[in-house]
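In what follows, a structure is listed as C-alpha cells, so that the remarks can point back to it.
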Amino acid sequence: MKIFSKIIYAAAVSLLCSCADLDLQPLDTGSSDSWYKTEEEVKASISGLYRTDFFGLENFRWSDDHQSRDRLNEMTSATVNGETWDVTTMWQVCYKSIARCNILLEKLRDYRSIGISEERANLYRAQVLFVRATQYGRLTSHFGDVVWVDSEITIDEAFKMGRTDRAEIMEQVYADFDEAATYLPKSYGTQQELATKAAAYGLKARYALYNEDWEIAAKAAKDCMDLGSHQLYPDFERLFLSSTHHACENILSWPTSLELNIYGDSEGNVMGFIPRCRGGYASEYPSWDLFASFLCTDGLPIDESPLFDPQHPFKNRDPRCAATIVEFGTEHCGVIYDPDPTATQVYSSVAGQLVTNLDCKAGSQYASYNGLLRKKGIDESWINDGSFKVAFDIVFLRYAEVLLTYAEAKIEAGDIDKSVLDAINMVRARAYKVSNTNTSAYPAVKTTDRDQLRTIVRTERRMEFAYEGLRRMDLIRWRIAEKVLNVPDYGLLDKDALTSKLIDKNLWFWPMAPEIDENGCADFSALYDQGYCKIITRRQFDASKNYLWPIPSQEVITNPYLGQNDNY
C-alpha cells in the first residue's frame, strides 16, 4: 500500500488513528492509479502544492514584538510539547506536501506517457522540487534532524525510518532549489502564484542563512538580486495595505478575495487590532520592546541619540516606526488615537464630532495595556463597514528580505565590501522614500566594522519585518532567545497611578529611554524599578530545549526509530 494524497510519511499513525480524515482522492490529487493521466491533471496537482497552508510563516505572537493583553501562548510561556497544535500541524502539513511532491516527481519521470514535452516536464519538475525544498527548509528550521523521504513509501517502511542529519538534508535542499532555479521562469507573464527563479534563489538564501551556511546564502541572495526581476516597493507603509496587490517587491505571495470569501484573517483576529473607538478590541498590539527598537533619524538607538524625546517617542524616529505603530495624536481608522488617560474625548472623522475615547485607560479598562496599537497594514478596509473582513496579499517572501539576507550572510562570512552597505542602505533609504545614493537624506550605513554591522543588520531586520513572521526564527538562529524571551512584557500603570506618576509630572509617555543592547533589544527594568510601569506578563524560554521543537508525540509513539529532541 502506498502513502499518497493527504497521507504523509511522518503521520503514518494517522492511518491507524485518523482514518476518517484521509480523503484518498482529493480533487487536486487523485489516487496514484486514477490520476496523472493528462497534463491538466499534473497542472492541477501542482497548483494544489501552492496552497498557503504549505507556506506558513511563524505566528508573530511567538516573539518579543507583540503582546496579547495578559495572555501568553505555548511558545512564549515555554510550555510547548509534542502535542502542541502548531507542532503537530507543521509536521503533518509539511510531510503531506512532501508526499504529494514525491508522487508527482515519480510520475513526471515518464512524462512522455502523459503527453508532456520534455521542456514542460522540466518546468513542472522544477515547480515541485521548489515546494519540496521549502518544506524541508521549514522542517529542519524547527525540528532539526528530520526524516528524509524522496519517494513513495509503504506504511511498513514508514514505521522503520529514522531521522537524517540536518546538514545532510540541507545539501539536498540546496540542490533541489538549484535545479528548480535552472528551469523556472523569471515570470509567468500573469499573476499566477507559482515559483519563479527569484523565489528559488530567495528561499535557498533564507534557509542557508538559517543553517549558517553563509557563503551559500550570500550567493543565492546575489543570484536573486542579479535577476533584476524584483525591486523594492517605493512606499513602505502602502506596501502592506489591502489595496496593494501583486507588489513588485513580493517574490512569492497569494492574494485573498472578499468576493470569493477568502479572507486575509479571521474576523476575531481583525477586531483584535482595531481601535476600541471603532468597535474593535485593541487587544493585540506591539510590545514596548518593538517600539524601542526603531532607530532615530540619525541612525542611532534611542538610548544614544540626542534626538530622542521619551515624552514624544515618535518624534525623530525611523519612518517605519510610525508606519508600524500608530503615532499618538494621529488619525487611524477614522479616529484620533490617543492613549493619554486625560484625553477623555477624541475626534472621529467618521462621526464628524468628538467621541468618548475608549482607547485610553480613562475610557476603558480594556484599552491597550501598553498604550500601543499596530498600524502596519491596517486601515479603514479592516473595519469594512463593521464586518471586520479584510483581503490582503499573504506574502511568504519579499525582496527586502533577500537584500538583508545577502548583507547578513556576507557580514557573518567576514566578506564585507561596498555591496553589503548598499544592500542595507537600499532597504533603509526606501523607508525614507529616497534613493540609497542620496546619503544626506537618510542615515546611511557607512561603517565596515563587523560587530557594528551585525548590530545594524539585526536592528534593520526588526524594523523592516515586524508582524511578518520572521522575528522568532531570528531570535532562534542568533541564539539570543534565552535572553530576549526570558524578560517581562511591560505596560502602563493603572489609571490613577499613571496620572500621578507620569502625566502630572510631565513624564508621559516614558520617563526615560530604556537601555538598548548590542542586539537592538530594550531593557525596561530601570523604569519598572522606579515604579513607572508594570509587568503585564512574564515570557519564558527554556534554553535546554526550546531552540528546537519537539517531534510530535504521536509520531514518536508510533515510530520508535524517530527518537525525540533533547529534554522533551
Side-chain angles (χ1 to χ4, degrees), residues 49-66 68 73-76 80 84-97 130-143 173 177 193 195 198-200 202-211 217 221 224 230 239-240 242 247 249-256 262-266 269-270 273 284 286 290 324 374 376-378 390-405 408 461-478 481 485 548-549:
L49 292 176
Y50 285 82
R51 292 166 20 186
T52 54
D53 55 337
F54 290 152
F55 290 85
L57 287 169
E58 289 204 332
N59 192 325
F60 54 78
R61 295 177 178 86
W62 297 345
S63 81
D64 57 338
D65 279 356
H66 184 80
S68 300
N73 53 63
E74 287 170 301
M75 302 300 169
T76 54
V80 60
T84 298
W85 185 89
D86 293 292
V87 170
T88 59
T89 298
M90 176 177 284
W91 184 276
Q92 291 173 359
V93 165
C94 287
Y95 277 112
K96 177 189 296 184
S97 175
F130 170 85
V131 175
R132 189 177 72 178
T134 301
Q135 304 314 307
Y136 275 114
R138 296 178 66 201
L139 284 167
T140 55
S141 298
H142 289 80
F143 298 100
V173 167
F177 276 131
E193 304 298 337
L203 286 185
K204 179 185 177 184
R206 172 191 287 174
Y207 295 120
L209 192 75
Y210 285 5
N211 285 272
C224 182
H230 294 274
L239 173 61
F240 306 99
S242 61
E249 182 168 342
N250 296 342
I251 297 175
L252 188 64
S253 64
W254 294 264
T256 55
I262 304 173
Y263 307 131
D265 211 338
S266 66
N269 281 341
V270 169
F273 295 103
E284 306 277 348
L290 174 62
T324 303
R374 172 183 162 185
K376 191 172 185 177
I378 298 175
V390 62
F392 50 78
D393 283 5
I394 298 172
V395 181
F396 191 70
L397 175 68
R398 60 185 179 92
Y399 189 56
E401 182 185 346
V402 174
L403 291 171
L404 293 183
T405 293
E408 182 179 350
R461 283 184 67 91
R462 191 172 195 184
M463 294 191 295
E464 181 73 18
F465 301 128
Y467 285 97
E468 296 183 53
L470 297 175
R471 175 63 177 172
R472 182 182 176 276
M473 280 307 306
D474 283 348
L475 300 179
I476 293 295
R477 62 190 183 83
W478 294 333
L485 297 181
L548 290 176
W549 281 3

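All values reported here derive from a predicted model rather than from experimental measurement. Numbers here are sequence positions counted from 1.
Under the 4.5 Å side-chain criterion, counting only non-hydrogen atoms from C-beta, Phe54 is in contact with Gln135. Contact check for Phe396 versus Thr134: side-chain heavy atoms found under the 4.5 Å cut-off. Annotation: side chain of Trp549 is not in contact with side chain of Leu139 (no heavy-atom distance under 4.5 Å). Looking only at side-chain heavy atoms (C-beta outward), Met90 and Thr84 stay at 4.5 Å or farther from each other.
Here the CZ atom belonging to Arg477 is positioned 13.0 Å from the CZ atom belonging to Arg472, to the nearest 0.5 angstrom. The CG atom of Leu57 sits 8.0 Å away from the CZ atom of Arg138 when rounded to the nearest 0.5 Å. Expressed to the nearest 0.5 Å, how far OG of Ser63 lies from CD1 of Ile476 amounts to 10.5 Å. Rounded to the nearest 0.5 angstrom, Leu403 CG and Glu464 CD are separated by 9.0 Å. Note: Leu470 CG to Leu475 CG = 11.0 Å, rounded to the nearest 0.5 Å. In this structure, the separation between CD on Glu58 and OG on Ser141 is 8.5 Å, given to the nearest 0.5 Å.
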- Task: Let me see the working for Ser97 and Arg132 under side-chain contact (heavy atoms from CB on, under 4.5 Å), right down to the final yes or no.
- Result: CA-CA 7 Å; Ser97 175; Arg132 189 177 72 178; over 6 Å; no
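Here the closest non-hydrogen pair linking Ile251 and Cys224 is CD1-SG, 4.1 Å. Considering all non-hydrogen atoms of both residues, Leu49 and Phe55 come closest at O-CE1, 3.4 Å. Nearest heavy atoms, Glu193 versus Trp254: CB-CD1, 3.8 Å.
In this structure, the ring of Trp91 has its center no less than 6.0 angstrom from the ring center of Trp85.
Relative orientation of the His66 and Phe273 rings is tilted, given thresholds of 30° and 60° on the angle between their planes. Note: Phe177 and Tyr207 have parallel aromatic rings, judged against thresholds of 30 and 60 degrees for the angle between ring planes.
A cation-pi arrangement is absent between Lys376 and Tyr467, since the terminal nitrogen or guanidinium carbon is not both under 6.0 Å from the aromatic centre and inside a 45° cone about the axis. A cation-pi arrangement is not found for Arg461 relative to Phe465, the charged atom failing to lie both closer than 6.0 Å to the ring centre and inside a 45° cone about the ring normal.
A donor and an acceptor atom, one from each side chain of Thr76 and Asn73, are located under 3.5 Å apart.
Salt-bridge annotation for Glu284 and Arg61: present, with a side-chain N of the basic residue lying under 4.0 Å from a carboxylate O of the acidic one. Using a 4.0 Å cut-off between a side-chain N of Lys or Arg and a carboxylate O of Asp or Glu, Asp53 and Lys96 do not qualify as a salt bridge.
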